[in-house]
Every structure is written in structure tokens, then in C-alpha cells.
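In what follows, chains carry the letters A, B, and so on, assigned in the order in which the sequence lines appear, proteins first and then strands, with residues in each chain numbered from 1.
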Amino acid sequence: MPLDTSAYSLALLRVDGRRWNELRRIHAQIRTQAAADGSSYLEMGHTKVMCVVNGPSEPGPRRGGVATGGGGGGGGGQSKNAEVAVNIVIAGFSSVDRKRRGRGDKQVFELQSTISQALAASLHTHLFPHSTINISLHVLSQDGSLLAALINAATLACVDAGIPMTDYVAACTAGSTSTYAANDEGADPLLDMNHQEEQELPGLTVATLGDSDRVAVLVCESRVQVSRLEGMLAVGVDGCKQVREILDRVVREKGIKMIQEGTVERGVGLNDMELD
Amino acid sequence: MADRRRINGPVGTTIAPIYDDAPEQKSQVAMATRSRPANVIRKMYLKTGVTPSASGSAYLEIESSGNGGSGLKLSCSVHGPRALPRSTPFSPHIILSTHVKFAPFATKQRRGYLRDPIERDLGTHLEAALRGSIIADRWPKSGVDIIISIVEGEQDREISKAQGIEAWDTMNALSGCITVASAALADAGIDCVDTVAGGVAALVQDAGDDAAPSIVVDPIPAEHEKVLAACCIAYLPTRQEVTNLWFKGDLPASDMDVYTQLVEKGIQASKSANRVLVDCLNETVG
Amino acid sequence: MPREAEPSANEKAFLLKALQDEQIRLDGREFDAYRPLELTFGDEYGVANVSLGKTKILAKASAEVTVPFADRPLDGIFTIATELSPMTAPHFEVNRPTETEVLLSRLLEKTVRRSGALDTESLCLVAGQKCWSVRVDVHVLSHDGNLTDAACFAVVAALRHFRKPDTSMENGVLTVYTPAEREPVPLGWLHSPFCVTWSFFGDEGETALLDADWMEEQVRVASVTISLNRHGEICQIAKLGGVPVEAVALLQCTSVALTKVKEFSTYLDSKLAEDAKRRDKGGFMAELRAENDRVVG
Amino acid sequence: MASSQHVLLSPAELAYLHASLSLTPPIRPDGRSPTQFRPLVAETGILPGTNGSARICFADGTEAIVGVKAEVERTRTRHDFPSLDEGAEGDDDDLEDNQHDVVKGDNDWVEMTVEIPGYRDDDAGTVFLSAMLSEALLADGEFTKRLWINRRFHWKLYLDILLISPPLSYPLPLLSLTTHLALLATRLPRLKSEGDEDPLFDDDWAAAAYLYPRPAAKKGSKKTTSFATPTARPPVTLLVMAVGNNIIFDPSKEELAVADVALAVSVGESSNPSSSTAMDIETEETKGHHNLRILSVRTIDPPSRLTPPGIPNASNSAYGANAAGAKDTEKKKQQQEQARTAESEAVEGVWKAPRGGAKPLVLAALVQKVLEKGGVADEVLDALDGVDLN
Amino acid sequence: MTIAAPEASLNALPRADGSARYSYAGYTVTASVNGPIEAQRRDEHAYEAHVDVIVRPAAGVGGTRERHLESILQSSLAQIILVKNFPRSVIQIVLQIESTPENAYVNTKLVQASLNLPIIPALFQTAVLALLSATVPMKATATSTVVAVVLEDGSKKIVADPSPKDIGEATSLHALAFTSHDELLLSESEGDFTVKEWDDVYERAQEICCQSAPKQAGVDMMLDDDASGPDMRSFLRSALETKVASDLYWK
Amino acid sequence: MSTESPLVVLPGESIDPSLIPTHHKNPLRLGPGLRHIPPSEIVPTVAGQLVVDNRKTSMWIEYNGGRYIPSQNDLIIGQIVRSATDFYYVSLSPYTPNATLPHLAFESATKKTRPQLSPGELVYARVSLANKHMDPELECVSPSTGKADGLGPLKDGMVFDVSLGFARRLLMAKSREEGKVEVLEALGEDGLGFEIAVGRNGKVWVNSESTKTVVLVGRALRETDEKNLGVEAQRKLVKKLVREMR
């Protein structure tokens with residue numbers, strides 16, 4: 001494999017020059033769009049996603065290919081909890097080699113349902129019975145850690161929309177320099193994998209709730225020795241905490257800015273200010 | 001997802017080749033010139049009540065252009081007005097849903113079973129054209145389906161494809177659809193303010209370099225060197241109103257009058273189509 | 001529209017109470033105990049009948065020669081079809097994938113296909129022109145929870161039991177032999193992954209159960225499916241949302257899962273051996289003759 | 001479909017809106033002048049991964065992103081198309097005025113997809129939108145010719161048009177403008193190889209040539225797209241509607257809800273006319289001004305037809321389903337009588353969804369308004385010139 | 001070759017209202033019956049129950065062939081079920097083919113144009129058994145068989161339950177089903193044949209399906225002891241007697 | 001198999017007229033599984049055992065399995081689906097149309113005092129109207145006495161699904177003698193205290209102070225039903241379970 005661990009073991013630097021426990025640059029904005037109840041734009045390295053949240057609102061007509069979670073089933077309208085409907089659009093130009101995803105692409109569907117289920121657990125959906133929270137995500141550019149980026153963007157947008165939630169759901173990826181074959185003990189865990197690393201090395205996506213160690217999402221799609229799991233998970237969970245800090249900063253800065261601009265009067269909590 | 005509705009060939013098969021006429025022959029065909037005067041549309045045959053099971057139906061056939069090419073054959077069936085399914089939200093009006101589909105064998109290149117964008121686009125145009133004519137608020141909370149199948153399209157699609165401009169044929173098809181649909185609606189007894197009919201006019205460049213571009217109604221692309229612009233009109237004669245206008249082409253903005261002439265010619269074409277329509281309806285009534 | 005019946009409030013409450021206060025499950029199982037797992041093979045190669053308590057699954061493997069995908073000329077084609085019919089439960093409709101179905105098929109996909117359990121390169125016959133297309137159809141006959149683990153086991157069992165017709169290449173001519181001419185050959189198999197699904201209960205997901213039945217699945221707040229092989233290689237982990245669970249707990253789940261997987265894999269091996277013996281003694285010739293008749297027909 | 005989504009306005013509100021819009025001069029809810037567009041924020045080159053990209057955000061929050069990606073594709077020669085095979089040896093210049101020139105475009109070389117959140121990509125509305133946008137783009141045979149590399153290869157251009165926000169107002173103008181900018185910002189790598197050999201490209205992005213060459217970058221790009229028309233630009237599609245005798249541009253959702261008729265007009269610009277014949281028609285060569293060309297016109301089915309009708313007090317005694325229905329139809333009958341004579345004045349202050357179509361004169365006026373010298377189209381194009389393309 | 005006696009096990013699927021697993025002549029089919037259950041709007045009938053038959057192939061996706069089989073079975077089963085008893089409801093029959101006597105790699109062709117006649121009896125019989133196990137009220141029971149007309153050294157020969165080999169050589173194939181009142185319920189034919197031939201086929205099928213089964217229980221049942229093939233009716237009866245016995249073990 | 005050979009009938013088989021009980025005045029009463037084709041033919045519609053009671057001049061088919069089909073005066077355990085203006089929608093079995101239970105069909109219920117039931121709760125009710133053309137109607141009070149006699153909301157406890165036949169046996173007046181159900185008595189003798197309600201629709205509700213007991217009873221019932229246990233086996237089972245629990 002081109003990206004063999006030897007290169008790493010020499011300088012302990014990764015292909016993009018990061019150390020093993022370094023996140024890529026995360027840039028995020030909220031309130032990117034006036035029309036929506038909540039919106040956000042998030043970059044993790046070269047992975048760029050946008051999120052638009054509408055609702056809680058009357059459940060609209062059932063749409064194809066939209067994963068709905070939370071609500072505890074019962075078909076949206078009847079349920080005691082708000083249903084979280086996630087719709088992901090992966091732009092054709094987002095990846096290097098353009099591949100068109102048809103409707104009903106199972107992988108996208110899985111992403112949708114994962115995000116929906118993850119947020120449904122953190123949002124106080126029971127406050128909005130018989131209603132729907134529509135989250136639509138747009139992937140503009142992909143360079144690894146897609147699921148993580150989507151979750152973070154969705155979380156931010158929900159905060160912006162002022163939907164009460166237990167805490168941030170922050171996500172990132174972790175990997176390991178060992179291949180599943182190589183059973184070397186010298187293998188180091190890696191934080192926040194880019195596309196190339198995801199291709200070459202085993203890795204997982206983890207999302208935690210707030211700064212606890214409680215894991216909301218854990219997705220591993222590559223073969224790896226079970227002994228590697230603990231290390232990777234630890235690094236991932238730690239990464240999530242860093243990510244949470246960043247997200248939190250973004251929200252606070254925006255909040256302060258809005259107060260200074262007088263968009264909202266002082267002393268109003270971030271969460272309840274958009275509740276209208 | 002595999003197609004479960006019909007029996008497809010095994011994987012890795014190739015489509016049978018279409019043996020096309022030799023280019024020179026083709027060019028002769030293509031050079032066939034227009035026999036009709038510029039402001040006369042082709043003869044058409046229209047009959048209502050062809051599908052007993054439908055609440056209204058009509059069949060339209062437009063005579064084939066002289067040179068062996070075939071004309072347009074459309075059949076339209078109208079189902080409804082009928083109650084909307086429970087799920088749909090309340091509507092104070094009748095909900096139109098239009099489906100236009102080329103039969104797989106209608107054109108030289110075989111059409112698929114699923115509606116392609118062109119066909120969907122046609123559907124939207126048709127919907128716009130009809131919605132203007134029917135009195136929608138007489139039928140609240142109800143819907144009507146209008147299904148048109150183009151049994152035979154203009155044979156010369158091949159050529160127009162070669163010219164890289166299919167839309168001209170599409171326009172002819174659309175005007176046919178409008179006329180036949182309006183007949184079927186009348187047959188179904190759905191209230192309309194007026195009978196709408198479709199007409200096409202085009203700015204064409206005839207063979208020979210010196211020939212100046214001229215405007216003709218109901219054009220057959222094959223009969224002209226080049227079609228510069230065309231427009232399809234859905235027109236309500238008694239109210240003198242246009243319910244749908246579709247212009248396509250490339251005209252300098254400086255001479256708007258050409259555009260206006262085109263529209264007028266389109267209206268004229270639609271009027272003449274309308275006569276046929278009205279006669280046909282009178283027959284069924286009387 | 002036929003709808004799925006949710007368990008009543010009483011049932012939900014009681015189930016939780018039993019689990020959390022008394023640490024007992026309604027059927028008296030231990031928390032980390034599976035329902036009795038049974039595997040039977042048909043007369044045909046590649047048909048596996050798996051029952052896990054009241055959950056019953058039929059997996060059938062089949063192969064045909066076809067054209068490889070243009071972008072992967074050297075690989076065969078390997079598909080796992082999981083279509084839930086109304087037999088699973090009346091509210092499933094043919095041709096209308098539900099969330100359950102999609103997630104199930106994704107899990108099997110990742111566990112068996114993406115983990116490279118089947119050597120797809122060995123399915124290539126003529127590069128870019130001919131290859132085997134191996135297909136497993138998963139039929140859920142009865143759904144009483146934990147489809148994933150049962151289905152995964154059935155798929156692996158079916159594939160390992162399956163024999164595809166033998167082939168040969170002589171100066172560019174490909175011949176596919178009927179079972180009569182040559183005994184069919186097994187697939188190129190690299191490792192056997194199995195799914196183990198944990199279900200979590202309680203506000204913090206503190207209670208974890210293995211092999212939840214349908215009732216328990218309807219009450220659970222989160223679940224994680226861990227796929228491993230007997231060599232302790234993780235093939236896939238999926239905790240797709242749900243109530244957050246302590247990271248440590250997940251690690252424990254994984255280690256327990258590994259022991260379960262080892263049990264599965266030994267059970268499967270023994271069953272395969274058993275079946276092989278059955279076919280061998282005397283049955284073998286009969287087998288051939290039977291095949292023979294089929295071929296001519 | 002996006003244009004006819006439900007507007008939550010009461011009949012009274014609709015009636016008021018219609019009345020105020022048909023005043024002279026019309027009073028628009030947001031106080032714009034009839035020809036005034038909504039303020040917008042535009043930026044280009046936002047996605048380094050693409051050949052060209054643009055983002056536009058209207059003041060009402062509707063937002064669109066367009067990305068253009070180009071891939072080299074082998075041209076499959078067609079049998080019904082000898083010109084491609086035998087070809088002409090001469091270099092590009094004299095091919096220009098060749099009878100059927102070798103520099104030949106094919107509409108299949110452009111693939112356009114429109115994504116409207118919450119609508120399937122084969123939804124009637126979505127199809128209609130993309131049909132309209134691509135129709136304008138391909139109307140003059142010129143565009144696809146820009147994608148020609150040599151007789152064996154061509155660029156395959158993928159335009160992905162994403163509406164980020166929910167479709168509040170009818171997104172056509174937004175999408176069109178964004179596409180316009182994205183195309184202006186699109187650059188293709190410079191061709192290094194010669195003739196019909198497999199194309200080799202200069203991987204220096206700075207050297208890449210604009211798909212629509214600028215006057216400034218003209219000389220540099222001349223080589224690659226010699227047949228390109230210097231000041232040509234991609235088309236823009238404008239949404240125009242009429243209420244009574246007033247013509248209103250860039251209508252908001254509410255305004256569209258009372259439109260008597262709505263038109264989508266696509267205009268392009270080119271200095272040297274695409275087709276030799278167009279010359280003949282052209283009476284006087286317009287100097288200085290944008291040299292506008294009208295590419296396509298489509299009536300948009302206005303959502304006003306689906307608005308709930310008000311009931312005049314006269315027949316308002318009718319409550320309860322059946323009675324109302326009966327009464328209603330009678331009323332409609334009378335109304336229809338009036339309608340025959342004069343559509344506009346039904347009962348004063350009572351909203352009634354428009355019936356029938358538009359008078360040809362109105363339609364003509366609409367188009368005229370767009371195209372006249374110094375008309376709205378000119379303004380828009382000037383405005384778009386303001387956007388700097390990085 | 002001799003064909004083993006038909007085997008059936010009822011209520012094999014614990015979560016369905018009724019189910020049956022039936023195997024005979026190399027065919028194995030599992031059926032589940034649910035009903036009467038609430039009908040979807042599209043197949044809701046104001047005065048009778050809608051009988052919904054779904055046939056699923058062992059390998060590959062269901063295609064036109066399965067749809068055809070479904071329509072055949074649907075129309076004939078609806079005749080013996082007392083549909084009038086359950087208006088606005090659905091009786092849902094899912095037939096899962098488990099194995100067929102064909103080669104494992106022939107039947108994986110996704111969609112075949114040809115109708116698969118020989119499998120009809122297996123499907124039909126399984127459906128009837130499953131209906132009985134679900135105690136869906138019926139006018140009568142029914143039995144079914146397939147008969148082939150094979151050309152053997154010049155003379156036409158009528159073969160019941162033909163092997164794949166026979167089917168390959170058959171000049172015509174006929175699937176028939178009779179109610180317990182000896183009425184012809186279903187008849188599907190394929191190939192060319194004379195009226196005479198069909199009459200013979202009819203006779204043969206009838207004697208397989210309608211051998212006057214003993215009305216009383218406890219009478220010895222004769223299974224494929226002679227050339228006349230198995231006596232389907234007594235087979236059906238015996239299968240049901242075992243079920244009833246186990247259900248009412250406490251009596 | 002029991003001693004006297006039971007008469008098993010299949011749908012459509014004709015019944016020997018000699019078996020049909022006749023009486024000078026009481027009319028013949030047909031139970032489930034039989035249908036009368038005028039003038040005088042009586043035909044079974046399901047497979048089962050023909051039972052004839054000459055004293056009551058009634059005959060019916062004894063069978064097990066299938067889906068619950070409501071018939072008048074059945075006692076059932078239903079689950080509240082939602083509340084409409086003046087009645088509840090109650091589900092008797094999955095995928096079937098909901099039954100309706102009027103808000104006032106409870107003991108001494110008035111607009112103010114009626115029990116407030118939320119979706120998911122359970123009620124023990126009687127089928128007051130069953131008609132193939134209408135959705136079934138329920139009541140939790142006897143129309144004659146106005147007393148609940150045991151009917152009404154079921155709080156706490158657990159519901160176990162059993163076969164229709166077993167539910168019927170449990171409901172028999174002399175379930176022990178006729179139904180051969182020993183398990184409940186056996187449990188009682190082991191000093192387990194619990195309440196139980198049996199629904200004709202194959203649902204058994206069990207409640208008790210101790211969670212363990214409920215689980216134990218549930219398992220005992222289920223196994224008895226699924227494994228077709230005879231009297232002795234039932235006693236053994238109970239012994240075994242009780243041992244496990246302690």
C-alpha cells in the first residue's frame with residue numbers, strides 16, 4: 001500500500017503532515033441562512049457540508065428516501081414524540097471522481113437514519129408531539145470523516161433552530177496505523193482521518209454526547225484487530241470532546257455577536273432566543 | 001433494482017443495429033420540400049369516445065408529411081373526476097395530473113418504458129395549457145387523470161436528432177396533445193371555459209442559400225433546411241386568450257416583430273385546429 | 001393500511017421492571033444468552049435453514065455465469081438479497097424497502113461482503129468477459145427479533161455449504177460442467193464473520209441484552225451490532241444512533257461478542273462436517289444420480 | 001411542484017394583494033418597484049474541487065449552489081453523421097464557415113441535474129426547471145461547441161444545481177442566475193496535445209482557460225477556443241408576471257400567488273450571431289448595448305389558479321357541505337356569465353382564482369419589457385458583470 | 001423413478017395465523033397465511049375479502065412469472081374461501097418456494113418468460129393446507145396435480161407428477177385442481193394436445209385428486225401404493241387429522 | 001389421542017344427518033365452524049372435531065389456531081389505540097380494524113367521572129356488538145346490572161399471548177375438568193398469589209406483588225400451551241419453574 005506505516009514511523013507525521021492526535025482545521029458557522037429555522041456550514045479539512053433545519057412543524061407528506069427516526073415509530077403524526085426526518089443530498093461534484101447516487105441509495109439511507117436516530121436521542125422530541133423536525137444536509141465536498149461532519153453540522157443547525165437538547169452530539173473519526181493483517185503492537189491510533197487514510201487504514205466514526213464518555217454513534221466499516229478497538233475508541237472519544245469545544249465556541253461567538261448587534265436583547269439564553 | 005414488470009434480455013446483450021438509409025438518400029428525404037402553403041396546417045382526424053372504460057377519451061391523427069414519413073397518432077383517456085385519496089390535503093379545486101408517454105415503438109429510436117424528462121416536460125406543459133381552460137373550482141376535493149399515449153410520433157425524429165434539435169418535433173407532439181386532451185375533457189363532461197387547442201408556428205430556413213427565412217405554421221422539420229425558432233401555443237378562441245406559450249429558438253432581441261409574428265401564426269394554427277375540434281364535438285353532441 | 005402493533009404500556013413497563021429490578025427476562029434467559037440456535041441443510045447445496053427461537057430464516061445461495069462489471073473486470077459478482085416479504089410480518093410490502101430491510105442488508109453487506117469473506121477474484125472466469133455471479137437470497141420466514149444475527153449466520157452457512165459448478169478453460173474455450181460430469185466445487189472462502197447484536201435498555205442504556213426477541217426489540221432504546229470472525233478481527237461495528245452508551249460498556253460487549261462468535265463458528269463447522277458425512281456415505285452416488293436426472297430435465 | 005405549492009393566504013388577503021398590485025403604479029408588499037429585483041449576495045469559485053462554482057443568496061433567504069465539473073469523454077462517432085468521420089483537414093479557422101462544420105456539439109455532452117430539497121429528482125416541477133434551464137443553455141448550437149476538444153474527444157460537462165434552502169419563492173430566477181455565474185467562472189485545463197491524438201492537458205490551473213473567455217483573458221484563451229465568441233455569456237432566465245395591466249419582475253411567492261400570468265424568459269448575449277441566417281433577420285446591429293438574443297419563453301402555470309376562492313356575502317348564507325356545494329355552483333354559473341364579459345371584475349374585494357389564459361398582447365408586452373433596450377435584461381446582465389470572478 | 005409420498009407439516013411458523021410446509025416430487029414450499037386482516041385502501045372490497053397471493057422464488061427476485069402464478073392461484077383460491085364472511089378485509093397468502101427439482105444453477109435466471117406449470121400443484125396444495133391451518137372458513141377443500149403427455153416410442157403416454165426429464169420431453173403439460181365436491185377448480189395447459197388427450201388427462205387427474213376419500217377417520221390411507229399416484233385427498237385428510245389431534249390433545 | 005375416536009371433519013364435507021341432534025321444541029343451535037345451507041344442509045367450514053351436544057341440541061366444531069374473530073359476549077383484553085370524541089379506539093389483535101369502546105361504557109361513568117385512558121393502556125372488556133359489516137363494539141359494564149363485574153382498565157401487570165384454543169379452555173366454567181388445565185391450580189398450590197384475566201382474543205393478563213411470580217405464571221401458561229402439556233406434565237412444569245425461581 002502506498003501509505004505504508006513505515007513512512008509514518010519515521011517522522012511520526014501523517015500524509016497531510018499532522019500528528020497522530022491532531023484534528024484537521026474545523027471551520028463552522030451557524031445562521032448561514034435566513035429562510036430556515038436553523039442552519040449551519042461546517043468544514044472538517046476539505047470535507048464541507050451545509051445543514052438546514054426546519055421545524056418542529058406539522059408533519060408534511062411522506063417523502064421517498066427520507067429516513068425518519070425518534071418518535072418511537074407510530075408513523076410521525078400519531079407519535080408522542082417529534083419525528084426527526086433527515087434528508088442528505090450528496091452533490092455530484094463533491095467527490096473527485098463524480099459518481100451519481102440514485103434515489104434509494106442504501107448507504108445514504110443508512111447515513112440518514114443514523115443521524116436521525118442519534119439526534120432523536122439528544123433532542124427533547126417529547127416536547128413536540130405529532131410534529132416533524134426536518135433536517136436537510138448538503139454535501140459539497142468530501143475528504144473523509146463524512147458521517148462525523150454531517151452529525152456535527154446537524155447538531156449546530158439544531159442548536160441554531162433553538163430545539164431543546166440534552167447536549168451537543170459531537171463526532172469525529174479515529175483510525176489505526178496497523179492493517180488488519182499486521183498484528184504489530186507498535187501500531188498507533190490516529191485521529192480524524194482524511195479520505196486517503198480512510199481508504200488505506202482501518203478506522204471508525206464515533207459520536208459522543210456532550211463531554212461525557214457516552215457514545216451515541218459508533219460505526220466501524222473496516223477490518224481491524226479487536227485489540228485495536230480500545231485505543232481507537234479512546235482517541236475518538238477524546239477527539240469528540242475537542243470537537244465539542246469547537247462547536248460550543250462557534251455557538252457562543254455567534255450568540256455574543258447577535259447580542260452585540262442587538263438582534264436579541266441581553267440576558268436571553270441562546271436556546272430560547274430563536275424559539276418563536 | 002431489477003425491472004420486475006417485464007421480461008428483459010440477459011446481461012451483456014447488445015442492441016440490434018438500426019440499418020439507416022445511406023446518407024445521400026437520407027439527404028434527399030430531408031430535402032423534401034413543403035407542399036402546403038405557409039399558413040395551412042396538415043389535415044387531422046379527431047374522434048372522441050374511443051375508450052369505453054374511461055370517462056372521456058379521444059383519438060387524434062395528423063396526416064403524414066408527403067415523403068413516406070409518418071404523421072402523429074395520439075390517443076388520450078381521461079379518468080375522473082374522482083375523489084382524492086384520503087392522504088392528500090384539502091384542495092378547493094380539481095387536481096389535474098397529466099401523463100404523456102411515447103409508446104416504445106412510436107419513434108425510430110426505441111423509447112423506454114419509464115417516462116423520460118422530455119415526456120415529463122410535455123406533461124407539465126399540457127397541464128398548464130389545460131388548467132387554464134377548465135373551471136377547476138366546480139370540482140373541489142377531486143382529481144382527474146389525463147393519460148396520453150403517443151402511438152406514433154413523427155418518423156423523422158432521427159433527422160431532427162441529427163440536426164441536434166429534437167424540440168421541434170416535441171412541439172408538434174405537444175400541440176397534438178393539447179388538442180386531443182381538450183377533446184377528451186369535453187367528452188368526459190368536465191366544465192371548461194372554452195375549448196383549447198394547440199398550434200405550432202416556426203421560423204424556417206429553406207434549402208438554397210439565398211432563400212430568406214420564412215414563417216410557416218405546423219412545420220415539419222424534415223421539410224426545411226433549418227428551423228431557426230418555433231413556438232407552440234395553446235389558445236382559447238372565443239376568449240381570445242393564450243393558456244400556454246412555449247417559444248424556443250435563437251432570435252436577436254432587436255427584432256421583436258419576428259417573435260410576435262411567430263406567436264400570431266401559432267395562434268392562427270391553433271384556431272384552425274380548433275375548428276376541427278369543434279366540428280368533432282358537435283358531431284358527438286348532435 | 002395494516003400497521004405494526006406496538007406493545008402496550010403495561011408490557012413495556014413490566015419488561016423494564018423485570019430487567020432492571022429483578023434482572024430476569026420474560027423467557028427466563030440469562031442476559032448474555034442466545035435462544036436455541038438451530039441450523040439444518042437441505043438436499044440442495046447452499047440452502048441453510050436457521051432458527052433462533054421463533055425467528056426462522058432461510059438462506060439460499062446460487063450462482064450463474066454472467067458478465068463482470070465494466071469497472072471491475074477481474075472480480076466476480078457477489079450480491080446478498082434481503083427482501084422482507086409479508087411472510088415476515090403483514091406490513092412488509094414487496095418492492096417497498098422499509099428501514100428494517102435497508103439496514104439489515106447494509107449490515108450483511110458490510111459484514112460478509114466488504115470484509116472480504118468471499119474471494120470475489122476467484123469468481124472471475126474470463127477477465128472482463130465472463131465471471132460467476134454468486135447470489136444469496138435471505139428469506140425471513142418468521143420474525144421474532146434479532147433478524148441480523150440469524151440472517152448473517154444463515155448467509156455464511158449457506159455460502160460455505162454451497163458448491164458451484166466446476167469449470168475449465170482450454171485454449172480460450174470456457175466449459176461449465178454439470179454436476180453429473182464433475183462434482184461441483186466450493187467457493188473460495190477466506191474467513192467467516194458473524195454478527196452479535198446487543199440491545200440496551202434504561203434511560204442511560206445501562207442494561208445490555210444479547211439476542212433480544214421481538215418484544216424486547218420494540219422496547220430497547222439503542223442497539224449495537226458487532227461483527228467479528230473467530231480470529232478476533234472486527235469486520236464491522238454499527239451503533240446507529242439511539243441512546244448514548246458508556247464507551248467502556250461497548251468494549252465489554254465486544255469482548256463477550258468474540259466468545260459468542262467463536263461458539264457460532266465451531267457450531268457451524270461441526271454442522272458442515274456432519275452434513276459432509278451424511279452426503280458421503282453412500283448418499284454420494286445417489287446424489288450424483290439425482291443430479292443426473294435433474295441435468296437432463 | 002415548486003411553483004404551485006400551497007400559499008397560506010386567505011381569500012381576503014389575496015384579493016387585497018391583487019388589488020394593490022394592479023394599481024398604477026403597483027404597490028408591492030416589499031415596496032420594490034415593478035422592475036426591481038430582490039437584493040442578493042453572490043460569490044463564485046467557492047468550491048476548489050470543481051471547474052467552476054457559484055453561490056447566490058437572496059434576501060429572503062433562498063440560497064442556491066451550482067457546481068460545474070468537466071470530464072474528458074471519447075466522442076462516439078455516429079453513422080448518421082458522416083461529417084465527424086471523414087472530417088476536413090484544414091485548421092479550425094476555415095472550419096468555421098464549413099457547410100457542416102467539424103466543430104460539432106452534441107446536447108448529450110451537457111448533463112444537468114437540479115436538486116430541490118424534499119422533491120424527487122423526477123418530480124414534475126424539478127424536471128420542468130431543469131428542462132427550462134438546459135433548453136436556454138443549448139438553444140443556440142454554440143454552447144456545446146465550446147466543449148469540443150478534437151474529433152475523438154470532448155468535454156462532458158456536469159452541472160449540479162442545488163437549492164439549499166426550502167423552495168420559498170419559485171426558484172427559477174435564483175437557479176438561473178447562479179448557473180450563469182458558475183458557467184462564467186468555469187475554466188477548462190489548457191490543451192497541450194495537438195490534433196486528434198489523445199488529449200494532454202496543462203495541469204497548471206492558472207493557465208486554464210475560461211469556458212466563456214473574458215475580453216481581458218481573451219488573447220490567452222484564443223488558442224484553445226478559437227471559435228469562441230468573445231463577449232458571449234451564458235443565458236439568464238427571468239421570471240416575469242402580470243397582474244391586471246402591470247408587469248412585475250422577480251415576483252415573490254405571495255405575488256406569484258395572485259399572478260394572472262407568469263412567464264419565464266431566457267435571454268442570451270452574443271456579438272456575432274450564432275447562425276449565418278440569423279444575420280439576415282437582424283435589421284440593425286446594436287452597438288454598445290448588450291446584444292441580447294431571445295432563446296426561449298415559457299408560460300409558468302401560476303399557483304394563483306390553486307388559491308382558495310372567496311365567497312361573496314350574497315351567497316355566503318351557504319354553510320354545511322351539500323347546500324354550499326349546490327349554491328356554490330350556481331354562484332359560479334352567474335360568475336361565469338360575468339366572466340365571459342369581463343374576467344377581472346367579479347365581485348369587488350372577493351378573491352377568485354383566475355380562469356382562462358392571458359391576452360396575446362399582454363404576453364407580447366411582457367417579453368417586450370424584458371428585451372427592450374436598457375430593459376430589465378440589460379440591467380440584470382450589467383449587475384452580473386459587477387460580480388468579480390475569482 | 002419413484003416419487004416419495006408427499007409430506008406436510010402444519011403451523012411450522014409460530015408467528016403467522018396459519019402456515020404449512022409441503023414437499024412433494026422435489027418441490028418444497030412454505031406458506032404463511034394471515035387473515036382476515038385490515039385491507040389497504042387499494043384492494044379493499046366492500047362486500048368480500050380480498051385474497052392476496054404472493055409467490056416468492058427461492059433465488060432471485062420475483063418477476064412476471066411469479067405474478068402470473070399469483071393470478072392463477074388467486075382466482076382459484078378465492079373460489080373455495082368463504083370471502084363473503086369478511087368484507088373489507090384481506091386474506092394474505094405468502095408462498096415461499098424453498099427448493100425445486102431443477103438444477104441449482106438453472107433456476108437462478110432472474111426472470112424467465114416461460115410459465116412454470118409443474119410447480120402449480122405444490123404451490124396450490126401448500127396454500128390450501130396453510131388456509132386450513134389458519135382455520136379460514138372455506139366452502140370446500142381442494143387437491144391438485146400436474147399431468148404430462150409424453151411421446152414414448154410413437155405412442156402418447158400420460159404421466160402424472162412428471163419428473164423434470166418427462167417435462168423436458170412432454171408434448172403438453174396440464175395442471176389441474178379439483179374441489180372436494182369433485183368440481184374442476186383450476187386447469188392450466190401448455191403445449192399442443194387434442195381434445196381426446198385432454199379428456200384422458202382430465203380423467204387421470206381426477207382419479208388422483210378425487211379418489212373418494214373415506215369420510216370416517218381411522219381408515220387406512222393408501223399413499224402412492226399403485227401407479228395411480230398418490231391419493232391426494234386422503235393425504236390431505238391425514239395431514240389435517242394429525243393437526244386436529246395435536247390441537248385437541250386435551251379432549 | 002383420546003379414547004373415543006373423535007370425528008374429524010374438513011370444510012365442505014357432508015355431515016351424516018343421523019348425527020344432527022333433533023328435539024321436539026328446542027331449535028338446533030350451531031356453534032362455530034358450521035354453516036347452514038338452506039333447507040337442511042349443515043356443512044363445516046373449518047377443519048376440526050365435530051362435537052354434538054344432544055341435551056342442548058347444539059353442535060359445533062372444536063378447533064384451535066387462526067386469528068381471533070370477534071363474536072358477541074366474548075371477553076377480550078384490548079389495547080387503547082387513541083381516543084376519539086366520545087369513544088376509544090381499541091385494538092384486539094394486530095393488523096385488524098380497531099374496535100370502539102364508548103367513553104361511558106364503564107361502571108357508573110359520566111362525562112366527568114369516566115376513566116381517562118391514554119394510548120397503550122389495557123382494558124378488559126366484553127364484545128357488545130360483532131357484525132361482519134361493522135367494526136366491533138366493546139363495553140366494560142353489563143348493560144343490565146350496570147355493574148362492571150370485573151371488567152374495566154387493567155393496571156400494571158403483564159400480558160402473555162396464548163393460542164385461541166388455550167384461552168377458550170382457560171375460560172371454561174370447569175376448565176379443570178373439561179379443559180384439562182391444571183397449571184393455574186398447581187401454581188396456586190405452590191402458594192403463589194396473583195390475579196389473572198383471560199381474553200378470548202388469546203391474551204392473558206397476569207399481575208402480582210412480585211415480578212418473579214408474574215414471569216413464572218407467564219412462562220407456565222405459555223409452555224403449557226405451546227408444548228401441549230397434559231395434566232401431569234403441567235404439574236411437573238410448575239414444580240420445575242418454581243424451583244428455578246427460588
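Judged by distance alone, the side chains of A/Ser94 and A/Gln142 do bring a donor and an acceptor atom under 3.5 Å apart. If you check the side chains of D/Arg38 and D/Ser169, you find a donor sitting under 3.5 Å from an acceptor. Donor-acceptor pairing under 3.5 Å is lacking for the side chains of A/Ser40 and A/Asp160.
Neither the backbone nor the side chain of D/Leu159 comes within contact range of chain A, judged by heavy atoms closer than 4.5 Å. Only the backbone of D/Thr62 comes within less than 4.5 Å of a heavy atom in chain A; its side chain stays farther off. Using a 4.5 Å cut-off between heavy atoms, D/Leu162 contacts chain A through its side chain alone, with no backbone atom that close. Only the backbone of A/Ser95 comes within less than 4.5 Å of a heavy atom of chain D; no side-chain atom from C-beta onward does.
Chain A forms more heavy-atom pairs under 4.5 Å with one residue of D/Cys57, D/Gly67, D/Gly49 than with any other, namely D/Gly67.
Minimum interatomic distance between D/Glu255 and D/Leu17 (heavy atoms only, all atoms of both residues): N-CD2, 4.3 Å.
Between A/Glu261 and A/Lys257 there is a salt bridge, with a side-chain nitrogen of the basic residue lying less than 4.0 Å from a carboxylate oxygen of the acidic one.
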